[in-house]
Amino acid sequence: MRILESKFVQGFIKMANDGYLQGWHERNGGNLSYRLKAEEVEMIRPRLNAPGEWTPIGTEVPGLAGEFFLVTGSGKYFRNIIVDPEVCLAIIELDETGCNYRIRWGLVEGGRPTSELPTHLMNHEVKKKLTNGKHRVIYHAHTTNTIALTFVLPLDDKVFTRELWESATECPVVFPDGVGVVGWMVPGGREIAVKTAELMKKYDVVIWAHHGMFCSGEDFDLTFGLLHTVEKSAEILVKILSMTPHKLQTIQPDNFRALAKDFKVSLPEEFLYEKE
Ligand code: 2HA
Ligand code: ZN
């Protein structure tokens with residue numbers, strides 16, 4: 001089967017375009033990666049390019065040795081993915097040490113995988129291990145309202161989680177583990193990747209101050225839906241804070257406990273602190 005026609009490539013392209021239409025991908029902002037299933041690799045193997053040179057990833061991910069990923073290209077615009085996926089995307093293969101990659105499809109006009117490849121792969125490594133291989137998608141977007149909040153809320157996991165939970169009732173059900181926050185760092189390298197992957201051990205959502213958000217999930221719908229839900233809640237909170245610094249009423253800790261019971265999720269008490 002032609003690689004472009006395969007279901008996972010089509011799902012990837014749709015997700016990327018949906019993100020663009022939401023306004024989260026100005027210029028070359030954001031990146032997306034998908035860890036292929038073994039049967040998907042076998043299905044497309046006859047149509048992969050002959051192996052080329054190995055290139056260092058810039059970090060080590062031994063837990064992903066030999067895996068294949070579909071990724072966005074560095075400097076490529078999300079708005080062009082749907083028009084010319086073979087120019088904007090790549091399928092890469094990792095070597096047996098998890099230190100190097102090589103391109104096996106795509107980027108037909110040249111280029112490299114996303115500048116955030118270290119963060120994507122280190123997140124994939126953590127999630128593959130902790131979810132028994134269920135999580136396959138890592139998504140980074142420049143989510144306007146979530147970014148705005150990083151200028152006015154303390155850069156603290158507990159505060160961000162609680163404020164986002166309070167801003168829309170579905171939130172604690174959609175991300176019961178909460179969200180992590182990374183203070184401002186230089187993007188694109190190993191240091192921010194290590195920090196993000198550490199938080200991904202606990203959360204499926206990590207916010208980068210003054211930059212954007214990373215989400216991890218099982219498939220394209222769940223991962224897009226997670227990021228969309230966080231950003232929608234952030235939008236509501238931005239509107240609230242734009243009207244008044246004081247909420248007249250909100251969802252209270254005991255309301256969250258009742259919600260947890262009915263919706264059969266466990267909400268860590270660390271986020272249900274009493275406010276002054
Ligand atoms: O330009 O979003 O974080 C791609 C990015 C880098
Ligand atoms: Zn970014």
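Side chains are part of it too, since the values below use all heavy atoms of this structure and drop only hydrogens, waters and symmetry mates. Both ligands and their constituent atoms are indexed starting at 1 by order of listing.
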Using distance only, find each side-chain donor-acceptor pair of residues 256-267 under 3.5 Å and give its atom names and separation, not counting sequence neighbours.
{"unit_1": "Arg257", "atom_1": "NE", "unit_2": "Glu269", "atom_2": "OE2", "d": "2.9"}
{"unit_1": "Arg257", "atom_1": "NH1", "unit_2": "Asp254", "atom_2": "OD1", "d": "2.8"}
{"unit_1": "Arg257", "atom_1": "NH2", "unit_2": "Glu269", "atom_2": "OE1", "d": "2.8"}

Practice prompt. Report yes if some heavy atom in the side chain of Phe220 is under 4.5 Å from a heavy atom in the side chain of Tyr139; otherwise report no.
Written response: no
Worksheet, complete the sentence: So ring pair (Phe, Tyr, Trp, His ring centres under 6.0 Å) across residues 53-73, not counting sequence neighbours, yields Phe69-His124
Practice prompt. Apply the test side chain to side chain donor-acceptor pair (under 3.5 Å) to residues Thr150 and Trp184: give CA-CA distance (whole Å), side-chain angles for both, the deciding distance (0.1 Å), then the verdict.
Written response: CA-CA 9 Å; Thr150 66; Trp184 189 87; over 6 Å; no
May I have a table of the N/O to N/O pairs between ligand 1 and the protein that fall below 3.5 Å, each row giving the two atom names and the distance to 0.1 Å?
{"unit_1": "ligand 1", "atom_1": "1 (O)", "unit_2": "Asn28", "atom_2": "O", "d": "3.1"}
{"unit_1": "ligand 1", "atom_1": "1 (O)", "unit_2": "Asn28", "atom_2": "ND2", "d": "3.4"}
{"unit_1": "ligand 1", "atom_1": "2 (O)", "unit_2": "Gly30", "atom_2": "N", "d": "2.9"}
{"unit_1": "ligand 1", "atom_1": "2 (O)", "unit_2": "His140", "atom_2": "NE2", "d": "3.3"}
{"unit_1": "ligand 1", "atom_1": "2 (O)", "unit_2": "His142", "atom_2": "NE2", "d": "2.9"}
{"unit_1": "ligand 1", "atom_1": "3 (O)", "unit_2": "Glu116", "atom_2": "OE2", "d": "2.5"}
{"unit_1": "ligand 1", "atom_1": "3 (O)", "unit_2": "His140", "atom_2": "NE2", "d": "3.3"}
{"unit_1": "ligand 1", "atom_1": "3 (O)", "unit_2": "His211", "atom_2": "NE2", "d": "3.0"}

Worksheet item: Any Lys/Arg nitrogen of Glu109 or Lys76 sitting under 4.0 Å from an Asp/Glu carboxylate oxygen of the other?
Response: no
Worksheet item: Less than 4.0 Å between a side-chain N and a carboxylate O, is that true for Glu166 and Lys275?
Response: yes
Worksheet item: Are Leu107 and Val9 co-members of a hydrophobic cluster defined by side-chain heavy atoms under 4.5 Å apart?
Response: no
Worksheet item: Is a side-chain donor-acceptor pair under 3.5 Å present for His142 with His211?
Response: yes
Worksheet item: If you count the non-hydrogen atoms of other residues, nucleotides and ligands that lie under 6.0 Å from CD in Glu270, is the total more than 12?
Response: yes
Fill in: Residue and atom names of protein N/O/S atoms that fall under 2.8 Å from the Zn ion (ligand 2)
His140 NE2, His142 NE2, His211 NE2
